[in-house]
Structure formats: C-alpha cells, structure tokens
Participant: 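Mind looking over this structure? Questions follow.
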Amino acid sequence: MKYEISVIMPAIRTPNWDYMYHTIEKSCKKSSFELIMCGPFPLTEFLKTKSNVKMIIDNGSPSRCAQRAAIEASGRLLVHCVDDAHFVEDSLDRAVSMYNTICGKKDVINLRYTEGENFTGTTLPINYWFAHYHPPLRLAGIPNTYKQCCHHIIDREYFLSMGGYDCKFEYQNFNLHDLMFRVQYDNGRIFDSDTTVTNCNFYPEKTGDHGPIVEAYLENDEPYFQELYNDPDILKKRSKISLDNWKQTDKVWKRRFAKNSPETYQDILNNSC
C-alpha cells in the first residue's frame, strides 16, 4: 500500500514509541500515513499489530538509519522526525494542508517544534529558523538569507533525487542543515509551519542516551561541517550527493555499540553496550 505521508526516523527509545504513535494518529487524521523507524530494536508488541508501521533493524549511526528509513518509504511526502517527539493534535494535517497549498516540488515545510527536559520547551522565536541565528552556521558557504530546518515535510521523489542525508555526518543535526542548504541552492523554498508540530524531550550534555551524540558532534560532525561550509563555493560543487552514501558507513556505530548489541533500551542507558 502507498501512503500519503511517510513519517521516518532513526529510533532507539522503545518506551516512547507506543505513545508517539498515538500522537501521530491524532495529529494526522485526514491523510494516510506510515511510520518507518530504523534502529537496533524490534517493534513493541502494540506496534506489531499496526500494518502501517515498519522497523528496519540496523546498528549503524542515526544518519545511516534515517537514510535507510527514507529509502524504504512509499509516501508522496516524507516527514522527518525523532522518536522522543510528541505530535500536537491536528498539527500534521495543518502542515500537510499548507504544503499542498503553497509548495512546489522543491519546497519544504519546516515543522516547528519545542524542546526541553521532560517536554517542557516553549515556542522558539521565529528568527530561530534562520541559519545565521546560530553561530555554528555563520560560515562563508551559507548565505545569510538561508533558513534551517530539522524536522520537515519534503516531496519524497525530490528528496531521493537530492541524495537525501549525507551520512558522513554521524548524528542528524548538521546533515539536516546540509540538506536544507542544498535544497535552497536548488531554488527550493522553506516555509515555517503555522503551529508547533511536535514537543520534544531534551537530554543535557551526556545525560541519558546523549553521550555518543555529543561525542559525534564534537569529534566528527562539526569539523566535517566546517570543512565543507568554510568554502564559499561549496554549494556550487555539491548540491546533490549519492543516495547510496549510507552504504559507505559502518554497519555498527561504535560510539553507541562499542561492546555488543544491546537487547533493550535500558542497556543503552546503562552504557552496557
């Protein structure tokens, strides 16, 4: 079956999944959707009963997992998100309606979100969604008019044609920015959703499951991003990338799974993998 919307994400936080699915249902009442996750754990017993949910087992990096989920998707539109998100009721319907009203093939809806410990985040200022609001994105290769967008609605065929996410970035942060900058260089436009679409949890520093993410940011992702975007001509050289770039990444993300494959999410929290 083909769906109107494919919600895709790397996923390790099994205790969140059932409730997250319920919030997607309440957020997306008017369009058919599928949820495709990729990570080390099988679906929960509840999600196994849902014909519109698929799990791809992979112990690779979050970026590798997101790319694999996107490639497996069948929806006309891709919705990128994370597995610690709670979707706001009717918000995906509103965002999809906005997409269908104002977007062309290359355009993107920025799905605005809040982020805070235990889902306590508040609405972010509208300037937050401009790249140069953030000091790490004030580089020579990023025009000051460009927007940034971490959770998005994008045409699936267009996403695939652009090569999707650059999986040389281990975590999904800088490669989301990278995709959006390539889209804008390709004359795509980014429109902000008119409401908050998700409320997301936040893990300070190396608390919870965040240790490997912090290490990837500092040791690989930020240096690679600076290497690319300190070049003022980078987007002329690299507006499209290979969709199969995920195949060049390690099958096991050693920052997370240095010892062995975890059996449960608690194993990750216990740092026993």
Side-chain angles (χ1 to χ4, degrees), residues 1-11 20-21 24-25 27-39 50-56 58 60 62-83 85 87 91-113 147-167 169 172-173 175-193 197-198 238-247 249:
M1 175 179 177
K2 288 195 173 182
Y3 296 86
E4 180 71 3
I5 297 164
S6 296
V7 181
I8 61 166
M9 60 185 67
M20 178 188 66
Y21 179 85
I24 297 174
E25 284 187 311
S27 179
C28 189
K29 301 169 185 171
K30 297 178 180 178
S31 300
S32 63
F33 75 88
E34 64 178 350
L35 171 62
I36 302 181
M37 300 187 291
C38 183
K50 299 298 179 180
S51 61
N52 64 336
V53 180
K54 181 176 183 179
M55 188 72 205
I56 303 167
D58 195 304
S63 293
R64 172 189 167 102
C65 289
Q67 187 84 332
R68 291 198 64 190
I71 291 169
E72 286 292 318
S74 64
R76 178 175 69 92
L77 301 176
L78 292 180
V79 170
H80 173 273
C81 201
V82 290
D83 72 342
F87 286 74
S91 61
L92 262 185
D93 282 335
R94 293 181 63 150
V96 171
S97 177
M98 174 185 258
Y99 181 95
N100 290 336
T101 301
I102 65 176
C103 288
K105 185 90 168 178
K106 296 181 179 182
D107 299 333
V108 173
I109 297 292
N110 167 37
L111 300 177
R112 294 192 292 128
Y113 60 88
K147 302 190 79 170
Q148 61 96 4
C149 168
C150 290
H151 303 167
H152 51 252
I153 297 179
I154 189 170
D155 181 271
R156 180 179 60 85
E157 291 181 353
Y158 179 63
F159 173 93
L160 298 176
S161 75
M162 293 296 288
Y165 308 119
D166 182 349
C167 298
F169 295 100
Q172 285 222 280
N173 179 358
N175 69 355
L176 297 167
H177 300 323
D178 172 65
L179 172 61
M180 292 301 118
F181 299 154
R182 290 187 285 116
V183 163
Q184 288 168 97
Y185 182 78
D186 196 41
N187 296 315
R189 299 168 296 172
I190 297 177
F191 299 99
D192 298 326
S193 61
V197 176
T198 56
R238 163 184 191 284
S239 63
K240 296 184 179 182
I241 62 176
S242 168
L243 185 65
D244 286 337
N245 73 84
W246 67 273
K247 294 180 179 179
T249 66

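All residue numbers in this chain count up from 1 along the given sequence. For the numbers below, each heavy atom of this structure counts, side chains included, while hydrogens, waters and symmetry mates do not.
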Participant: If we only count heavy atoms from C-beta on, is the Leu111 to Thr198 side-chain gap below 4.5 Å?
Facilitator: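 Leu111 does not reach Thr198 side chain to side chain.
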Participant: State the NE2-CG distance between His80 and Leu176, to the nearest 0.5 angstrom.
Facilitator: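 Here the rounded value is 5.0 Å.
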Participant: Run the salt-bridge test on Asp192 and Lys147 with the 4.0 Å N-O cut-off and return the result as yes or no.
Facilitator: yes
Participant: For Asn173, give me all partners under side-chain contact (heavy atoms from CB on, under 4.5 Å), at least two apart in sequence or on another chain.
Facilitator: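 Partners of Asn173 by the side-chain contact (heavy atoms from CB on, under 4.5 Å) criterion, ordered by chain and then number, come out as Tyr171, His177, Tyr217.
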Participant: I need the Ile24 CD1 to Leu92 CG distance, nearest 0.5 Å.
Facilitator: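 Ile24 CD1 to Leu92 CG: 7.5 Å, rounded to 0.5 Å.
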Participant: Which atom pair, heavy atoms only, marks the closest approach of Ser32 to Tyr3?
Facilitator: OG-CA, 3.6 Å
Participant: Measuring from Cys38:SG to Arg64:CZ, what's the distance to the nearest 0.5 Å?
Facilitator: 7.5 Å
Participant: How would you list, by chain and number, every residue that makes a side-chain contact (heavy atoms from CB on, under 4.5 Å) with Ala73, sequence neighbours excluded?
Facilitator: Ser6, Ile8, Glu34, Ile36, Leu78, Arg156
Participant: Output, in order, the C-alpha distance, side-chain angles, deciding distance and verdict of side-chain contact (heavy atoms from CB on, under 4.5 Å) for Ile102 and Asp107.
Facilitator: CA-CA 9 Å; Ile102 65 176; Asp107 299 333; over 6 Å; no
Participant: Indicate yes or no: at least one non-hydrogen side-chain atom of Val96 is less than 4.5 angstrom from one of Ile153.
Facilitator: yes
Participant: Got a sec, which residues hit ring-ring contact (aromatic ring centres under 6.0 Å, His included) with Phe87, two or more places apart in sequence or on another chain?
Facilitator: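 Per chain and number, Phe87 pairs via ring-ring contact (aromatic ring centres under 6.0 Å, His included) with no residue.
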Participant: Could you tell me whether the side chain of Gln67 and the main chain of Gly163 form a donor-acceptor pair under 3.5 Å?
Facilitator: yes
Participant: Would you indicate whether the side-chain heavy atoms of Ser239 and Asp186 approach each other to under 4.5 Å?
Facilitator: no
Participant: So do Leu35 and Met9 actually touch side chain to side chain, heavy atoms under 4.5 Å?
Facilitator: yes
Participant: Which residues pass the side-chain contact (heavy atoms from CB on, under 4.5 Å) test with Ser91, not counting sequence neighbours?
Facilitator: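 If we apply the side-chain contact (heavy atoms from CB on, under 4.5 Å) test to Ser91, skipping adjacent residues, the hits are Ser27, Val88, Thr195, Val197.
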Participant: Applying side chain to side chain donor-acceptor pair (under 3.5 Å), can you list everything that pairs with Ser193, at least two apart in sequence or on another chain?
Facilitator: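 Result, side chain to side chain donor-acceptor pair (under 3.5 Å) vs Ser193: none returned.
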Participant: Return the set of residues passing side chain to side chain donor-acceptor pair (under 3.5 Å) with Arg112 (not counting sequence neighbours), or none when no residue passes.
Facilitator: none
Participant: Under the 3.5 angstrom rule, does the side chain of Asp58 hit a backbone N or O of Gly60 as a donor-acceptor pair?
Facilitator: yes
Participant: State, with a plain yes or no, whether a side-chain heavy atom of His151 is found less than 4.5 Å away from one of Val82.
Facilitator: yes
Participant: Kindly write out the residues that satisfy ring-ring contact (aromatic ring centres under 6.0 Å, His included) with Phe33, not counting sequence neighbours, or none if the list is empty.
Facilitator: Tyr21
Participant: Apply side-chain contact (heavy atoms from CB on, under 4.5 Å) to Ile241 and list each qualifying residue two or more places apart in sequence or on a separate chain.
Facilitator: Asp166, Arg182, Arg238, Asn245
Participant: State which residues pass salt bridge (Lys or Arg N to Asp or Glu O under 4.0 Å) with Asp93; sequence neighbours excluded, sorted by chain then number.
Facilitator: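 Salt bridge (Lys or Arg N to Asp or Glu O under 4.0 Å) list for Asp93, sorted by chain: empty.
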Participant: Check side chain to side chain donor-acceptor pair (under 3.5 Å) between Lys29 and all other residues, then give those that pass, not counting sequence neighbours.
Facilitator: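 Scan of Lys29 (side chain to side chain donor-acceptor pair (under 3.5 Å), adjacent residues dropped) gives Glu89, Asp90.
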Participant: Of Leu160, Val108, Ile190, which meets side-chain contact (heavy atoms from CB on, under 4.5 Å) against Ile154?
Facilitator: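 One option only clears the test, and that one is Val108.
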Participant: Where is the tightest heavy-atom contact between Cys149 and Ile109, given as atom of each residue plus distance?
Facilitator: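 Closest heavy-atom pair between Cys149 and Ile109: SG-O, 4.2 Å.
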Participant: Provide the closest heavy-atom pair for Pro10 versus Pro62 in the form atom of the first, atom of the second, distance.
Facilitator: CB-O, 3.5 Å
Participant: What distance separates Tyr165 OH from Trp246 CH2, expressed to the nearest 0.5 Å?
Facilitator: 15.5 Å
Participant: Any heavy-atom pair between the side chains of Cys28 and Ile5 that's under 4.5 Å?
Facilitator: yes
Participant: With rounding to the nearest 0.5 angstrom, report the CG to CG distance, Leu77 to Asn100.
Facilitator: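 The distance works out to 6.5 Å.
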Participant: Mark yes or no for whether Ser63, through its side chain, and Phe169, through its backbone, hold a donor-acceptor pair below 3.5 Å.
Facilitator: yes
Participant: Run the salt bridge (Lys or Arg N to Asp or Glu O under 4.0 Å) test against Arg76 and tell me which residues pass, sequence neighbours left out.
Facilitator: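 Applying salt bridge (Lys or Arg N to Asp or Glu O under 4.0 Å) to Arg76 gives Glu4.
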Participant: Going by salt bridge (Lys or Arg N to Asp or Glu O under 4.0 Å), name the pairs with one or both residues in residues 94-105, residues two or more places apart or in two chains.
Facilitator: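 Listed by first then second residue: Arg94-Asp194, Lys105-Asp155, Lys105-Glu157.
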